[in-house]
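Read the structure below first, then the notes.
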Amino acid sequence: MSRTIVAPSILAANFANLADEIRKVEAAGADWIHCDIMDGHFVDNISFGPAIVDLVRGLTKLPLDVHLMIEHADHYVPRFVKAGANSITVHVEPEAKHDVAKTLQQIRDAGCRVGLTLNPETDFKLVEPYLDKIDMLLVMTVHPGFGGQPFRADQIEKVKRARSLGGDKIDIEVDGGINAETARVSIESGANVLVAGTSIFYAKDYAKAIGELRG
Ligand code: DX5
Ligand code: ZN
């Protein structure tokens, strides 16, 4: 696999200076911008929607990696496509209330990269039938909803399993509690995309923080 992709999650950015934050993180070497979309139903938090993604689209040429922690993702996919998403990742859990196969195809047909994800409590078996239909598997290393939570080391087995089943054909992304130390474990286990919120946006020096994640 080529070099590790770092995707800062703007959930941890200072929204009063979002334009500045995006420019700074881009100059610091970010590869993608990760947008965490929360609806207050699938997860116990509300973040932002397509209007903010559209605004971010106008601030950077970097790929926008949109993570939908929402119910009925199929209903909202077209709006995130229109807003300029490059990849769209949806949840596999029944609580996400959509037909997973159909939504993956909908994302594909819209010309975006296709991502699927699972919560720490969710059995890996749920994603297995879809591995040949996706470009990226996101292994959640915290229960989604909030930034700043500790990394769940017990999720590393899923990263290894995904890499052994998916080979080099799919990106394997980890999200939650990623810092220099947990990034190393994740990369060694087969992850090649790192999402990081607090360890980048709460750092004084974004370039240093991103460099430390790459190891
Ligand atoms: C969790 C989100 C993550 C989160 C990561 O619900 O999907 O992207 O913002 O934040 P940190 O890096 O602070 O754990
Ligand atoms: Zn995320």
Side-chain angles (χ1 to χ4, degrees), residues 4-15 18 21-22 25 28 30-50 52-53 56 62-71 73 76 80 85-93 95-96 107 112-122 127 134-156 158-159 171-187 191-203 206 208-210 212-214:
T4 302
I5 292 164
V6 176
S9 165
I10 56 170
L11 191 64
N14 178 352
F15 269 70
L18 190 57
E21 291 276 68
I22 301 276
V25 91
D31 299 293
W32 300 351
I33 300 293
H34 186 81
C35 301
D36 281 310
I37 312 301
M38 305 176 177
D39 67 349
H41 294 279
F42 182 72
V43 290
D44 185 26
N45 198 4
I46 300 175
S47 61
F48 55 87
I52 298 290
V53 174
V56 172
L62 292 180
L64 302 185
D65 180 34
V66 173
H67 175 194
L68 297 181
M69 288 161 275
I70 65 175
E71 292 180 354
Y76 294 97
F80 287 100
N86 296 85
S87 59
I88 298 182
T89 296
V90 294
H91 274 263
V92 75
E93 290 79 17
E95 293 76 20
I107 297 168
C112 286
R113 297 191 79 232
V114 181
L116 184 65
T117 184
L118 75 171
N119 287 344
E121 301 75 19
T122 303
V127 298
I134 59 177
D135 300 305
M136 179 163 79
L137 183 76
L138 165 54
V139 176
M140 288 306 301
T141 44
V142 297
H143 187 82
F146 298 89
Q149 305 181 72
F151 179 79
R152 296 260 313 246
D154 60 346
Q155 299 306 300
I156 280 297
K158 289 181 185 167
V159 174
D171 286 318
I172 297 172
E173 182 175 52
V174 285
D175 183 2
I178 300 297
N179 56 33
E181 189 188 325
T182 58
R184 200 181 55 242
V185 186
S186 302
I187 294 167
N192 70 306
V193 184
L194 307 172
V195 176
T198 50
S199 74
I200 295 175
F201 285 106
Y202 286 29
Y206 294 179
K208 185 162 170 265
I210 290 174
E212 283 171 1
L213 292 178
R214 287 211 177 88

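Just so you know, residue 1 is the first one in the sequence shown, and it goes up from there. Please read these numbers as outputs of a predicted model, since none were measured by experiment. Just follow the structure's listing: the first ligand is 1, and inside any ligand the first atom is 1. Hydrogens, waters and symmetry mates are skipped; everything else that's a heavy atom, side chains included, is used.
- Judged by distance alone, the side chains of Thr122 and Asn119 never bring a donor and an acceptor atom under 3.5 Å apart.
- When the options Ile210, Asn179, Val174 are evaluated for a side chain to side chain contact (heavy atoms under 4.5 Å, CB included) with Leu194, the one that passes is Val174.
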Report each N/O pair between ligand 1 and the protein that falls under 3.5 Å, naming both atoms.
from	atom 1	to	atom 2	distance (Å)
ligand 1	6 (O)	Gly145	N	2.7
ligand 1	7 (O)	Asp36	OD1	3.0
ligand 1	7 (O)	His67	ND1	3.4
ligand 1	7 (O)	Asp175	OD2	3.0
ligand 1	8 (O)	Asp36	OD1	3.2
ligand 1	8 (O)	Asp36	OD2	2.6
ligand 1	8 (O)	Asp175	OD1	2.6
ligand 1	8 (O)	Asp175	OD2	3.1
ligand 1	9 (O)	Ser9	OG	3.3
ligand 1	9 (O)	Asp36	OD2	3.1
ligand 1	12 (O)	Gly197	N	2.7
ligand 1	13 (O)	Gly148	N	2.8
ligand 1	13 (O)	Thr198	N	3.1
ligand 1	13 (O)	Thr198	OG1	2.8
ligand 1	14 (O)	Gly177	N	2.8

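- Within the 4.5 Å cutoff, side-chain heavy atoms of Val6 are placed close to those of Leu213.
- For the Zn ion (ligand 2), the tally of protein N/O/S atoms lying closer than 2.8 Å stands at 4.
- Using a cut-off of 4.0 Å between Lys/Arg side-chain N and Asp/Glu carboxylate O, Arg184 and Glu212 are scored as not salt-bridged.
- Side chains of Ser47 and Asp36: a donor-acceptor N/O pair is absent below 3.5 angstrom, by distance only.
- Using a 3.5 Å distance cut-off with no hydrogens or angles, the side chains of His143 and Gln149 do not pair a donor with an acceptor.
- Checking each of Thr89, Leu11, Val195 against His34 for a side chain to side chain contact (heavy atoms under 4.5 Å, CB included) leaves exactly one that passes, namely Val195.
- Remark: of the listed residues Ile187, Val185, Leu137, Ile172, Ile172 is the sole one forming a side chain to side chain contact (heavy atoms under 4.5 Å, CB included) with Val159.
- The aromatic rings of Tyr206 and Phe201 stand perpendicular to each other, their planes meeting at an angle above 60°, with 30° marking the opposite boundary.
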